[in-house]
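Scroll down for the structure; my scribbles are underneath it.
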Amino acid sequence: MPQEIPQEIAAQKVMPKGRILLGLSLCWSLFSLVFAPGAGQATPPRAPDKEETCDVLVVGGGLAGAAAAYEALYAGRTVCVTEITDWVGGQISAQGTSALDERPTQRELLYYPRGYLEFRDRIKSYYKKLNPGQCWVSESCFLPYDGHKLLMEILQEAAKKGKGTLKWYPNTIIKDLKISDRQINSAIAIQHTSAPDAPPINTFPLSQTIEDAYSYENSSRFEKTIINFVPNPAATAEKPQASWYVIDASETGELVGLADVPYRLGVDPRSHLEPSSSSENGNPYCTQGFTYTFAMQATEEPQDHEFPSFYDRHAPYYSYELERLANFNLVYTYRRIWVDKISKNLPGNVREWPINPGDISMQNWTWGNDYRPGNSNDNFIYTREQLAEMGQLEPGAWLGGLRTETLAAGEQHAKGFFYWLVAGTTDSRLGDGVKKPHPNHRFMSGLDSPMGTAHGLSKYPYIREGRRIIGRESWAHADGFTVWEIDISRRDYTDEYYSSTLLPEDYRYLWQSLAGLEAATAVRNNQSVEEIQKRSRSTVFPDTVGIGHYAIDFHPCMTLSPPEAPGNTEKEGERIGQGTAYPFQIPLRAMIPQKIDNFLVAGKSIATSHVAAAAYRVHSFEWSSGAAAGTTAAFALEKNIMPYQMVDELPRQEADLELLQKRLVRDKNPISFPDTSIFNNSWEDWR
């Protein structure tokens, strides 16, 4: 089957800006006249302009979505991919975090999914080096627009080699889902293109265009095409199970919110499974901070830097954070993404690494351009209760589930951080005399800039945490499957904090849960905490379909609103769970939501807790989870089974699950780390 990319998309136009014509109340007033009642079902104000058939609909073109498409294309499937921006790749492109987060041991072994390895190889081949930015945070830092270009080439080649069909829909959002009989039967999307005489779409930041993008009506910025994504009619007639699969690979779990399946948001209540939680009862408003990245370039001469009108509001936040980090060269080279000439024999101290004119750095700094709201009046991702109150869960009223005002504040915050780097003389945490101006740098903007935007910020913010599904009830998970903190963390739970914070009964349950193979003995013999030996590995899941390894790394929400308020602090206790993690697995049960059977979740919205999610979010994990989702969808279509049917009898043997796992391994998508076994506790050497 030849590769198919719709003509209006293949041109890869950059699109326009336009006024938001409808406020939320007006929007709902209009839709209430034209939509029939029914959860998850809607008819747009006009008939869809086109209908598109898919075997697999992937919503979100980030790394998880790209990986899902890659594997499904190799399996010969017709794959539709929708993406709110016009770039594929998410973290490596549209979000600007083009510095691969990897752990040393996994990197030394190159123990990654095949598509991720292919992308790494493509970077090395394209630049003639793996690290064209000569950064020190990663083995590979590169330009975001090249991330999009190289990944699109990989997807197109996967379609050709696997005889699949890629249907790529950039600048496209999902507006409505038609759900019945526990299946998504269709998805209504809106693709926006430039209105006549309007400026290009990437001229204006997301906060100024997102609500328009979710409106059915044309505007002065956008012309809209309404697309109805459906399964192939022939497949619908032939398949008594599911005729297609929908994969939520979005950055915030957007379809999870729109479909209204059970999920968690923010901090989980403290328990023996999540003992490092910062809240006894949970806090849905406290998600990890998001970041608008930007690129800056070193220049020969000092530049004139215009004072931002909003700078005084945000300046009380900016800081190098720690005294040992208070060095401009260290911050600049941390995620440097381009050098004209690779320096040889760099000093051992990164603070002494040279910065030469022409060097380009991408900025992603916790006490810099991170934006970290954590209260009900400024939280970035609306809770289910907030969505219901606003009417966004009503038919036709979905607007993406994000707070536009917080997006706008995050954009200002990032631009203010650039001014602080080049002209600032104060440091909110380290006091006077620490911050010096560094005027020989320019803010890179323009449609041909590394971020591909006229305003210079990333097209979409880097998202660290979104909605996280609650999996289905299963063995040992009566409240729904979740990967918890204690499944992956290396924390020393003998620390007095845990015995003094947890209830005595919960503290005992904690240690019984950490006993591994000896858990039954610990319970049966009523062993004391001192008698129980903690396992030294992560939980081994029988339904593993992927892998990941990264530290539990927090960018906590702030205590006060707004986040940049003078004297603000991180939410107390949020960093307690931070630290190293064992290499971990991605269970299939973590990717299967409740209520809907032909729906899979990949990326940051799988069923993890708040603490575990801080490790389940980096580049290679996203790819591994996406590869698992794409392979599972293709396998389920081939075998005419549902994903949940492969795990519903666990811990008993599941023949179809074993076949799926063998296929993943055959396709060089690892599902476990070397020597993984419930009998092997030798994980201390993994760094």
Side-chain angles (χ1 to χ4, degrees), residues 252-253 263-271 273-292 313-322 325 364-386 402-403 405-407 409-410 413-414 417 427-430 461-468 482 484-486 489 491 495 497-498 500-502 551-579 581 604 608-617:
T252 61
Y263 62 88
R264 296 184 178 92
L265 190 62
V267 180
D268 299 291
R270 190 178 303 123
S271 71
L273 301 170
E274 192 85 348
S276 301
S277 170
S278 63
S279 172
E280 183 178 353
N281 300 311
N283 183 346
Y285 310 116
C286 180
T287 57
Q288 290 218 47
F290 68 88
T291 306
Y292 271 104
R313 168 183 166 181
H314 294 271
Y317 176 92
Y318 303 131
S319 173
Y320 281 127
E321 184 174 2
L322 300 172
L325 303 177
N364 174 12
W365 193 255
T366 305
W367 283 88
N369 47 337
D370 274 11
Y371 201 64
R372 303 191 275 166
N375 295 277
S376 60
N377 63 327
D378 63 5
N379 60 311
F380 174 49
I381 302 173
Y382 286 126
T383 66
R384 188 193 182 283
E385 290 72 20
Q386 289 172 323
L402 305 179
R403 191 187 296 270
E405 296 84 359
T406 298
L407 272 176
H413 195 71
F417 179 55
D427 188 297
S428 67
R429 292 169 64 84
L430 301 180
Y462 170 41
I463 306 297
R464 294 181 178 86
E465 181 184 354
R467 300 176 182 90
R468 312 180 310 273
T482 300
W484 294 100
E485 170 192 343
I486 66 169
S489 179
R491 290 289 298 172
D495 189 294
Y497 169 83
Y498 296 100
S500 62
T501 304
L502 295 175
I552 298 172
D553 180 27
F554 275 105
H555 294 236
C557 72
M558 302 297 282
T559 305
L560 303 176
S561 177
E564 65 274 14
N568 208 352
T569 59
E570 296 178 348
K571 192 80 79 175
E572 184 178 0
E574 265 295 277
R575 288 191 185 269
I576 291 173
Q578 182 166 295
K604 291 180 280 284
T608 59
S609 70
H610 175 67
V611 174
Y616 279 79
R617 65 174 174 83

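Just so you know, these numbers use all the heavy atoms, side chains as well, and skip hydrogens, waters and symmetry mates.
- If you run side-chain hydrogen bond (donor to acceptor under 3.5 Å, both in side chains) between Ser276 and each of Glu574, Arg270, Glu485, only Glu485 comes through.
- When the side-chain contact (heavy atoms from CB on, under 4.5 Å) test is applied to Ala409, the partners found at least two apart in sequence or on another chain are Arg313, Tyr371.
- Between the Arg264 side chain and the Arg468 main chain, no donor and acceptor come within less than 3.5 Å of each other.
- In summary, Arg617 and Asp553 engage in a salt bridge, as defined by a charged side-chain N under 4.0 Å from a carboxylate O.
- Side-chain N or O atoms of Asn283 include none that pairs as donor or acceptor with a backbone N or O of Val267 at under 3.5 Å.
- In this structure, a donor-acceptor pair under 3.5 Å is absent between the side chains of Thr482 and Ser609.
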Full working for side-chain contact (heavy atoms from CB on, under 4.5 Å) between Val611 and Ser489: CA-CA 9 Å; Val611 174; Ser489 179; 5.9 Å; no
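- Here the CZ atom belonging to Arg372 is positioned 9.5 Å from the CD atom belonging to Gln288, to the nearest 0.5 angstrom.
- The aromatic rings of Phe290 and Tyr292 sit perpendicular, their planes meeting at an angle over 60°, well past the 30° parallel limit.
- Applying the side-chain hydrogen bond (donor to acceptor under 3.5 Å, both in side chains) test to Ser376 and every residue at least two apart in sequence or in another chain returns nothing.
- A 4.5 Å side-chain heavy-atom check between Pro556 and Arg575 finds at least one atom pair inside the cut-off.
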Residues Leu430, Ser319; criterion side-chain contact (heavy atoms from CB on, under 4.5 Å); working and verdict: CA-CA 7 Å; Leu430 301 180; Ser319 173; 4.3 Å; yes
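- Annotation: Arg384, atom CZ; neighbour count of heavy atoms from other residues, nucleotides and ligands within 6.0 Å does not exceed 12.
- Centroid-to-centroid, the aromatic rings of Tyr317 and Trp367 come within less than 6.0 Å.
- Taking both residues in full, the closest heavy atoms of Leu325 and Tyr320 are given as CB-O, 3.6 Å, listed atom of the first, atom of the second, then distance.
- Heavy-atom minimum distance, Pro373 versus Asp378: CB-O, 3.3 Å.
- Taken from OG in Ser271 to CD1 in Ile486, the straight-line distance is 8.0 Å, to the nearest 0.5 Å.
- For the atom pair Asp495 CG and Ile576 CD1, the distance stands at 9.0 Å (nearest 0.5 Å).
- Checking side-chain atoms of Ser428 against main-chain N and O of Tyr318 turns up a donor-acceptor pair under 3.5 Å.
- Residue Thr291 holds its OG1 atom at 8.5 Å from NE2 of His413, rounded to the nearest 0.5 Å.
- You'll find the side chain of Gln386 reaches within 4.5 Å of the side chain of Tyr285, heavy atoms only.
- Contact detail for Ile552 and Gly577: the closest heavy-atom pair is CG2-O, 3.4 Å.
- Remark: Thr287 pairs with Leu265, Glu465 by the side-chain contact (heavy atoms from CB on, under 4.5 Å) rule, at least two apart or across chains.
- For Glu572, the CD atom counts as loosely surrounded, since its 6.0 Å shell holds 12 or fewer non-hydrogen atoms of other residues, nucleotides or ligands.
- The CG atom of Asp370 sits 5.5 Å away from the NE2 atom of His555 when rounded to the nearest 0.5 Å.
- Contact annotation: the side chain of Tyr498 approaches that of Arg491 to within less than 4.5 Å [non-hydrogen atoms, C-beta and beyond].
- Residue His610 comes nearest to Cys286 through the heavy atom pair CE1-O, 3.7 Å, listed as atom of the first residue, atom of the second, then distance.
- Scanning all heavy atoms of the two residues, the minimum distance from Pro316 to Pro566 falls at CB-CA, 3.8 Å.
- The main-chain N or O of Glu564 is never found under 3.5 Å from a side-chain atom of Asn568 such that the two would form a donor-acceptor pair.
- Annotation: the span from Asn375 atom CG to Leu560 atom CG amounts to 7.5 Å, rounded to 0.5 Å.
- Between Arg403 and Tyr382, the shortest heavy-atom distance links the atoms CG-OH, 3.3 Å.
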